[in-house]
Amino acid sequence: MKTRFAPSPTGHLHIGGARTALFNFLLSRNAGGEFVLRIEDTDAARSEAAYTEDILRALDWLGIVHDGEPVFQSRRAEIHRELTERMLAAGKAYHCHCSQERIDEIRKSALERKEKPRYDGKCRNLGLPAAPGSVVRFKSPETGETFWNDLIKGPVSFANEELDDLVMVRADGLPTYNWAAVADDHSMGITHVVRGDDHVNNTPRQILLYEALDAPIPAFGHVPMILGGDKKRLSKRHGATSVMAYEEAGYLPEALANYLARLGWSSGDREIFSMDEMIKLFSLSSVGKSAAIFDKDKLDWLNSHYIKESSPSRLASLLLPRFEEKGYANPGEKVLEEIVLTVRERGKTLAEMARKADFYFRKTLTLNPGDAKKLLTPEGKDILRSFVEPLRNAAPSDEDFNRLLETLAASRGVGKGAVAQPLRLALTGETASPGLSDIGRILGPEVVTQRINAALEHEA
RNA sequence: GUCCCCAUCGUCUAGCCUGGCCCAGGACGACGGCCUUUCACGCCGUUAACACCGGUUCAAAUCCGGUUGGGGACGCCA
């Protein structure tokens, strides 16, 4: 088995493409086959090397590894030319001299008549030679039916009369998508073509091309689309669609990969899969046939699951750049890991964790006026003052701190929460935070005292 | 418009091929509760679906037909 992922470098690798790549990867690895990457860069105007880089980086980040070096379609012109000659020589293709204007006219009037636009075959039997500006068209069978048993959708068939004579080679000599894909998949020995649903209509054309080439026809599998919340094809307006945007937003690669796999594929009731487990369990027959809506909430859940499972040292090294970006000094591995431990279960993404850990690093805190007004009342400051002495020297253990809260609360006849909140605001600038004894330990007595004093001086 | 595909809780899905174990299971979310120094985490519980119509059958989410709805494709883009 040999599968491939064949993106065109005309944009970032997006969620849908990543899932297609993942399925190809899982399929081939499951069967012990090969998985290759082919960059379809025949559209010189829109292709950019930077996008190729992005695609490579994104696949690598997700843990989707291809075999061998990436293949660039633009460098296979010789093979394409050869195969085109073969088709021409066999009378399976012909030169077409119809002008762009004529083609546009045909399409326009067909649409006006509410018909399916298609080439009328004017040059089909003229035996025209190649000429400047001419294209090569496929002599598509006019009768019969093209059928294949889709690996995901099951039996699919098209009446050949629905298909017109597609352009194989453009006027500039470069092959069009359908022809290049067939020529490459054939010459590269691809056995299984797994791609997006939007290619279903190309498949009968491609099968006809294989037949004309007298080449073995690969198995096809069409993965359903990923939709946005409005059931429209997922696009930028639904939010982030590029894979690397998810890295920036603080998602773990295993979470995204797991989520993407479960979007369309399933294995019983199971939700959590490592890449190895997915490889072991994957099968195209358990990929659903219907489109799926991208659900960020579920991705978030998976991400927090994997964050909770990650070691503090891994999270610390992932978080460090986010702190350095804000100009904070590296407090050292040990402290960083302690900080991580206090925010690991409080953030769904690395970005959220960093945000919740921000107060540890700040030189001075900015108190929300509303919170300050509510908590730094004369009584609140009085409570705060009572913390000064006990916290002056060493940070108490969690147990001792809890006892301190109890004592303070009891002496005032209030709950522990009532005494903890002013201190929380003083130490973190927030009313929600990690546990106070952890914070006290990480900040150290000096900073704790300093922050309490700053809060005491705060004018409501 | 034409062609192709799809149709189970709000969402991802199991079950469908090989009808009965399904008055439909799991997960996310939402809601409620417990835990608790706050916020989370965790735990417990609740909510909610076989699109519709007809047929086959003793029996249909499961098989067949139709309807409706949704998506995709109709480029010298990929």
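Note: hydrogens, waters and symmetry copies are ignored here, and every other heavy atom, side chains too, is used. Naming: A, B, ... by sequence-line order, numbering from 1 per chain.
The phosphate of B:G25 (OP1 or OP2) has no side-chain N or O of A:Arg270 nearer than 4.0 angstrom. At the phosphate of B:A14, OP1 or OP2 sits under 4.0 Å from a side-chain N or O atom of A:Ser266. Put simply, A:Arg107 has a side-chain N or O that comes within less than 4.0 Å of OP1 or OP2 on B:G75. At the phosphate of B:C12, neither OP1 nor OP2 sits under 4.0 Å from any side-chain N or O atom of A:Arg19. Not one side-chain nitrogen or oxygen of A:Lys348 sits closer than 4.0 Å to the OP1 or OP2 atom of B:C41. For the pair A:Thr42 and B:A78, the criterion of a side-chain N or O lying under 4.0 Å from OP1 or OP2 is met. Note on A:Lys416: a side-chain N or O is less than 4.0 Å away from OP1 or OP2 of B:U37.
Going from the C1' atom of B:C4 to that of B:U62 covers 25 Å, rounded to whole Å. Nucleotides B:C53 and B:C12 have their C1' atoms positioned 29 Å apart, rounded to a whole Å. Distance check on atom P: B:C28 versus B:C21 gives 27 Å, rounded to whole Å. Across B:C5 and B:G66, the matching P atoms stand 13 Å from one another, rounded to whole Å. A distance of about 30 Å separates the C1' atoms of B:C34 and B:A24, rounded to the whole Å.
Salt-bridge check for A:Asp184 with A:Arg76: passed, with a basic side-chain N closer than 4.0 Å to an acidic carboxylate O. Between A:Glu254 and A:Arg314 there is a salt bridge, since a side-chain N of the basic residue sits under 4.0 Å from a carboxylate O of the acidic one.
A:Ser433 comes within 4.0 angstrom of a nucleotide base, judged by non-hydrogen atoms across all strands. In this structure, A:Val167 reaches the sugar-phosphate backbone alone: every heavy-atom distance under 4.0 Å involves primed, P, OP1 or OP2 atoms, never a base. Among the atoms of the strands shown, base atoms are found under 4.0 Å from some heavy atom of A:Leu436. If you check every strand for non-hydrogen atoms under 4.0 Å, A:Ser157 touches sugar and phosphate atoms only. Contacts of A:Val156 with the nucleic acid, taken as non-hydrogen atoms under 4.0 Å apart, involve only primed sugar atoms and P, OP1 or OP2. Residue A:Leu405 is classed as a base contact, given a heavy-atom separation below 4.0 Å to a base. In this structure, A:Gly435 reaches the bases: a heavy-atom distance under 4.0 Å links it to at least one base atom across the strands shown. When heavy atoms are screened at a 4.0 angstrom cut-off, A:Asn202 is found touching base atoms of the nucleic acid. Residue-level contact check: A:Arg118 touches neither bases nor backbone, having no heavy atom under 4.0 Å from any strand. If you check every strand for non-hydrogen atoms under 4.0 Å, A:His199 touches a base.
A donor-acceptor contact under 3.5 angstrom links the side-chain atoms of A:Glu271 to the base of B:G26. With hydrogens and angles ignored, a donor-acceptor pair closer than 3.5 Å exists between the side chain of A:Lys298 and the base of B:A27.
Computed from coordinates, the A:Leu166 CG to B:A73 P distance equals 17 Å when rounded to whole Å. Between A:Leu227 atom CG and B:G69 atom P the separation is 18 Å, expressed in whole Å. The CG atom of A:Asp400 sits 15 Å away from the C1' atom of B:U37 (whole-angstrom rounding). Taking atom CG of residue A:Asn258 and atom P of nucleotide B:U13, one finds them 13 Å apart after rounding to whole Å. Between the P atom of B:C28 and the CG atom of A:Leu256 lies a distance of 18 Å, rounded to the nearest Å. Distance, A:Asp165 CG to B:C76 P: 12 Å, rounded to whole Å. The distance from atom CG of A:Asp104 to atom P of B:G75 is 10 Å, rounded to the nearest whole Å. Rounded to whole angstrom, the span from the CG atom of A:Asp197 across to the C1' atom of B:C6 amounts to 8 Å.
For A:Tyr251, the ring-ring contact (aromatic ring centres under 6.0 Å, His included) test picks out A:Tyr246, with sequence neighbours left out.
Candidate nucleotides B:G72, B:C28, B:C76 were compared by shortest atom distance to the side chain of A:Asp297, and B:C28 ranks first. When distances run from any side-chain atom of A:Lys308 to the nucleotides B:A78, B:C39, B:C41, the shortest one goes to B:C41. Nearest nucleotide to the side chain of A:Met225, out of B:U37, B:C12, B:G72: B:G72. In the set B:U37, B:U11, B:C74, B:U11 carries the atom at the smallest distance from any side-chain atom of A:Lys231. Nearest to the side-chain atoms of A:Arg424 among the listed nucleotides B:U38, B:U2, B:A27 stands B:U38. In the set B:A14, B:G1, B:U38, the nucleotide with an atom closest to the side chain of A:Pro117 is B:G1. Nearest to the side chain of A:Lys232, among B:C28, B:U13, B:G71, sits B:G71. For A:Asn201, the side-chain atoms get nearest to B:C4 when compared with the rest of B:U11, B:C76, B:C4. Checked against B:C28, B:C4, B:C76, the side chain of A:Trp301 finds its nearest nucleotide in B:C28. Closest to the A:Ser8 side chain, of the nucleotides B:A78, B:U38, B:G1, is B:A78.
When each of A:Lys116, A:Arg205, A:Arg137, A:Arg118 is tested with A:Asp164 by the rule salt bridge (charged side-chain N to carboxylate O under 4.0 Å, His left out), just one qualifies, namely A:Arg205.
Shown here, B:A27 forms a base pair with B:U11; the pair counts as Watson-Crick or G-U wobble because both key distances fall under 3.5 Å. Base pairing of B:C34 is made with B:G42, judged by Watson-Crick or G-U wobble geometry with both donor-acceptor distances under 3.5 Å. The partner of B:C58 is B:G20, judged by Watson-Crick or G-U wobble contacts that both fall below 3.5 Å.
Projected onto RNA chain B by closest heavy-atom contact, A:Cys96 and A:Pro434 fall at different nucleotides, the more 5' of which corresponds to A:Pro434.
When every heavy atom of A:Leu365 is checked against every heavy atom of A:Arg362, the shortest pair comes out as CD2-CB, 4.0 Å.
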Please list, pair by pair, any protein nitrogen or oxygen found under 3.5 Å from a nitrogen or oxygen in nucleotides 44-51 of chain B.
none

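Aromatic rings of A:Tyr51 and A:His12 (six-membered ring for Trp) have centroids within the 6.0 Å cut-off, being under it. When ring centroids are compared, A:Trp265 and A:Phe273 come within the 6.0 Å threshold.
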Side-chain donor-acceptor contacts of residues 19-27 of chain A below 3.5 Å, not counting sequence neighbours, with atom names and distances?
from, atom 1, to, atom 2, distance (Å)
A:Arg19, NH1, A:Leu263, O, 2.4
A:Arg19, NH2, A:Pro224, O, 2.2
A:Thr20, OG1, A:Gly16, O, 3.1
A:Asn24, ND2, A:Arg4, O, 3.4
A:Asn24, ND2, A:Thr20, O, 2.9
A:Asn24, ND2, A:Val194, O, 2.9

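Both the sub-6.0 Å distance and the 45° axial angle are not jointly satisfied by A:Arg262 relative to the ring of A:Tyr259.
With no hydrogens or angles considered, a side-chain donor-acceptor pair links A:Ser74 and A:Asp41 at under 3.5 Å. Inspection of the A:Asp230 and A:His238 side chains reveals an N or O donor paired with an N or O acceptor under 3.5 Å.
Note: A:Trp301 and A:His305 have tilted aromatic rings, judged against thresholds of 30 and 60 degrees for the angle between ring planes.
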